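Quantities reported herein were computed from a predicted structural model and do not represent experimental measurements.
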Amino acid sequence: MFTTVASYLDPIEAQIARGLLLSEGIEAHVGDEHLALANWEWRLAIGGARLRVADADAVRARAILRAMEEGAYAIDDEAAPLDAALRAPDRESVSSRLAWLALVLLSVPLPWRRRQPDDSAVRDA
């Protein structure tokens, strides 16, 4: 049997919480997610998307979700990376700029001259 440990009005938040529980080793399922996405005005009426776990994992799942709400899993964006090798590589290169330039130049329609309509040839209907 499954127990509902949390309910979210936004199904994306429910999926984030589900991912956290899965990373902690707790199998979790999101119920009514598609209904909340398809009929967004019904979210309050149906109670939002429900996060369900097995009965045996309910207490631990609630503790993890409570810790998430308190900020235990928050990422400090201002902190310096621990290792300089963990920085993202620089994606700008000469070849990438040339590829961008070719895309821009070749996607512009060329100004070909159109033939002027010939008024002398009239088609009979």
Quick one, Val53 with Glu27, criterion side chain to side chain contact (heavy atoms under 4.5 Å, CB included). Give me CA distance, side-chain angles, the key distance, then yes/no. CA-CA 6 Å; Val53 297; Glu27 186 67 30; over 6 Å; no
Nearest 0.5 Å, what's the CG-CE distance between Asp55 and Met1? 7.0 Å
Polar side-chain atom of Arg18 near backbone of Ala28 as donor-acceptor pair, under 3.5 Å: yes
Side-chain heavy-atom pair Thr3, Arg52 within 4.5 angstrom cut-off: no
The test is side chain to side chain contact (heavy atoms under 4.5 Å, CB included); show your working for Gln15 and Asp10 and say whether it passes. CA-CA 9 Å; Gln15 284 294 336; Asp10 187 6; over 6 Å; no
Tell me whether Val5 shares a hydrophobic cluster with Met68, the cluster being built from Ile, Leu, Val, Met, Phe, Trp, Tyr side chains joined at under 4.5 Å. yes
Distance (rounded to the nearest 0.5 Å) between Ser7 OG and Asp32 CG: 8.5 Å
Nearest-0.5 Å distance that lies between atom CD1 in Ile46 and atom CG in Leu35: 4.0 Å
Rounded to the nearest 0.5 Å, the CZ atom of Arg62 sits from the CG atom of Leu51 at a distance of 10.5 Å
Do the side chains of Tyr73 and Leu65 join up, straight or via other hydrophobic residues, at under 4.5 Å, putting them in one cluster? yes
Just so I know, are the side chains of Arg43 and Leu37 near enough to count as touching, which here means a heavy-atom distance under 4.5 Å? yes
Would you say Tyr8 and Leu20 are hydrophobically clustered, going by side-chain heavy atoms of ILVMFWY under 4.5 Å? yes
Tell me, yes or no, whether the heavy-atom count around His34 atom NE2, taken from other residues, nucleotides or ligands under 6.0 Å, exceeds 12. no
Just so I know, are the side chains of Val30 and Arg50 near enough to count as touching, which here means a heavy-atom distance under 4.5 Å? no
